[in-house]
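Quick one: the structure is below, questions incoming.
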Amino acid sequence: MEKGKGVMARKWAVEFTDNSSAPSSRDIPDPPGFSRSSSDQEDSAVARQKKDAEANWKLQKAWEVAQSPLKNFLMMGFMMWMAGNTVHLFSIGITVSALWQPINALQGVGKVFEPYKDSKIDLLGPKLLFIALNLVGLGIGVWKLNTLGLLPTHVSDWVSSLPPAQEVEFSGGGVPLH
């Protein structure tokens, strides 16, 4: 480039504007029986069916996730039965686990159902089922704490000056006389 000339001519350039007078593909009429609008409608119908199928799949998976605590009940019940009713490290560990799992699940309900969010489906039913089943699991854990005698259910558990509650066992199966 010489000094004094501010503009340099480019050797290679591509222009994307069509200034020619030749007919373009936009000017050619559609063949008989072809309609661009019907093609668009078919594409939108296929897309709508695809979205509906995806929404149904998401709803089905959300119900499966909502029912997942049922799988834990049988295993946790068996583990608590194997732990027995005496207070020792294993039974306390199993009971704490039975309480911890539902508490964690209840804290993360929003995260559990996040992948299944869709404007077309209502996740209220699966969420309520998930919460209810986890509350049942939590209740089972609390029941196990009570059978171990670790829940403060008597006044003497709170006030040390009172005598402990007397457990009465009736072996005859009859009604006790007062």
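As a basis for the values below, the full set of heavy atoms in this structure was taken, side chains included, without hydrogen atoms, waters or symmetry mates. Numbers for residues simply follow the sequence, beginning at 1.
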Non-hydrogen atoms of Ile103 and Leu138 that approach each other most closely = CG1-CD1, 3.7 Å
message = Are Leu74 and Leu70 linked, directly or through intermediate hydrophobic residues, by side-chain heavy-atom contacts shorter than 4.5 Å (ILVMFWY only)?
response = no
task = Go through the structure and list residues passing side-chain hydrogen bond (donor to acceptor under 3.5 Å, both in side chains) with Asn85, not counting sequence neighbours.
result = Lys144
ask   = Between Met75 and Val65, is there a shared hydrophobic cluster once you connect ILVMFWY residues whose side-chain heavy atoms come closer than 4.5 Å?
value = yes
request  = Identify the heavy atoms of Ala62 and Pro126 that sit nearest to each other, and give their distance.
outcome  = O-CB, 3.8 Å
ask   = Same cluster for Leu89 and Val87 if Ile/Leu/Val/Met/Phe/Trp/Tyr side chains link at under 4.5 Å?
value = no
ask   = What pairs of residues pass the side-chain hydrogen bond (donor to acceptor under 3.5 Å, both in side chains) test when at least one of them lies in residues 98-107, not counting sequence neighbours?
value = none
task = Mind checking side-chain hydrogen bond (donor to acceptor under 3.5 Å, both in side chains) for Ser119 and listing every partner two or more places apart, or none if nothing turns up?
result = none
query = In terms of hydrophobic clustering (I, L, V, M, F, W, Y; side-chain heavy atoms under 4.5 Å; direct or indirect links), are Trp63 and Trp57 co-clustered?
reply = no
ask   = What's the verdict on side-chain contact (heavy atoms from CB on, under 4.5 Å) for Leu133 and Asn72, showing C-alpha distance, side-chain angles and the deciding distance?
value = CA-CA 10 Å; Leu133 290 176; Asn72 294 338; over 6 Å; no
task = Could you tell me which non-hydrogen atom of Pro102 sits nearest to which non-hydrogen atom of Ser97, and how far apart they are?
result = CD-O, 4.5 Å
remark   = Note: Ala98 and Met80 closest approach over all heavy atoms is CB-SD, 4.0 Å
Contact check, side chains of Tyr116 and Leu59, non-hydrogen atoms, under 4.5 Å = no
message = Restricting to non-hydrogen atoms, name the atom on Lys120 and the atom on Ala55 that form the minimum distance, rounded to 0.1 Å.
response = CB-CB, 4.2 Å
inquiry  = Please check this pair: side chain of Ser91 against backbone of Thr86, looking for a donor-acceptor N/O pair closer than 3.5 Å.
reply    = yes
request  = Evaluate the criterion side-chain contact (heavy atoms from CB on, under 4.5 Å) for residue pair Val142 and Asn146; output intermediate values, then yes/no.
outcome  = CA-CA 6 Å; Val142 170; Asn146 190 36; 5.7 Å; no
query = How many angstroms lie between atom CG of Leu148 and atom CD1 of Ile94, to the nearest 0.5 angstrom?
reply = 11.0 Å
query = Does Asp118 have any side-chain hydrogen bond (donor to acceptor under 3.5 Å, both in side chains) partners at least two apart in sequence or in another chain, and if so, which?
reply = none
Pairing residues for Lys117 by the salt bridge (Lys or Arg N to Asp or Glu O under 4.0 Å) criterion, not counting sequence neighbours = Glu114
key: Test item: Met76 and Ile140 side chains (from C-beta on) under 4.5 Å apart, heavy atoms   = no
query = Below 4.0 angstrom, N of the basic side chain to O of the carboxylate: do Glu54 and Lys58 qualify?
reply = yes
message = In the structure I gave you, are the side-chain heavy atoms of Leu99 and Leu145 within less than 4.5 Å of one another anywhere?
response = yes
note = Here the gap from Ser68 atom OG to Asn134 atom CG, rounded to the nearest 0.5 Å, amounts to 7.5 Å
ask   = Given Asn56 and Gln60, is the side-chain contact (heavy atoms from CB on, under 4.5 Å) satisfied, shown in steps?
value = CA-CA 6 Å; Asn56 288 337; Gln60 181 183 3; over 6 Å; no
Leu106 and Leu135: CA distance, side-chain angles, deciding distance, side-chain contact (heavy atoms from CB on, under 4.5 Å) verdict = CA-CA 8 Å; Leu106 289 171; Leu135 288 175; 3.8 Å; yes
Which residues share a side chain to side chain contact (heavy atoms under 4.5 Å, CB included) with Val109, sequence neighbours left out = Phe113, Lys127, Phe130, Ile131
query = Are Val96 and Leu151 in one and the same hydrophobic cluster, where Ile, Leu, Val, Met, Phe, Trp and Tyr link if side-chain heavy atoms are under 4.5 Å apart?
reply = yes
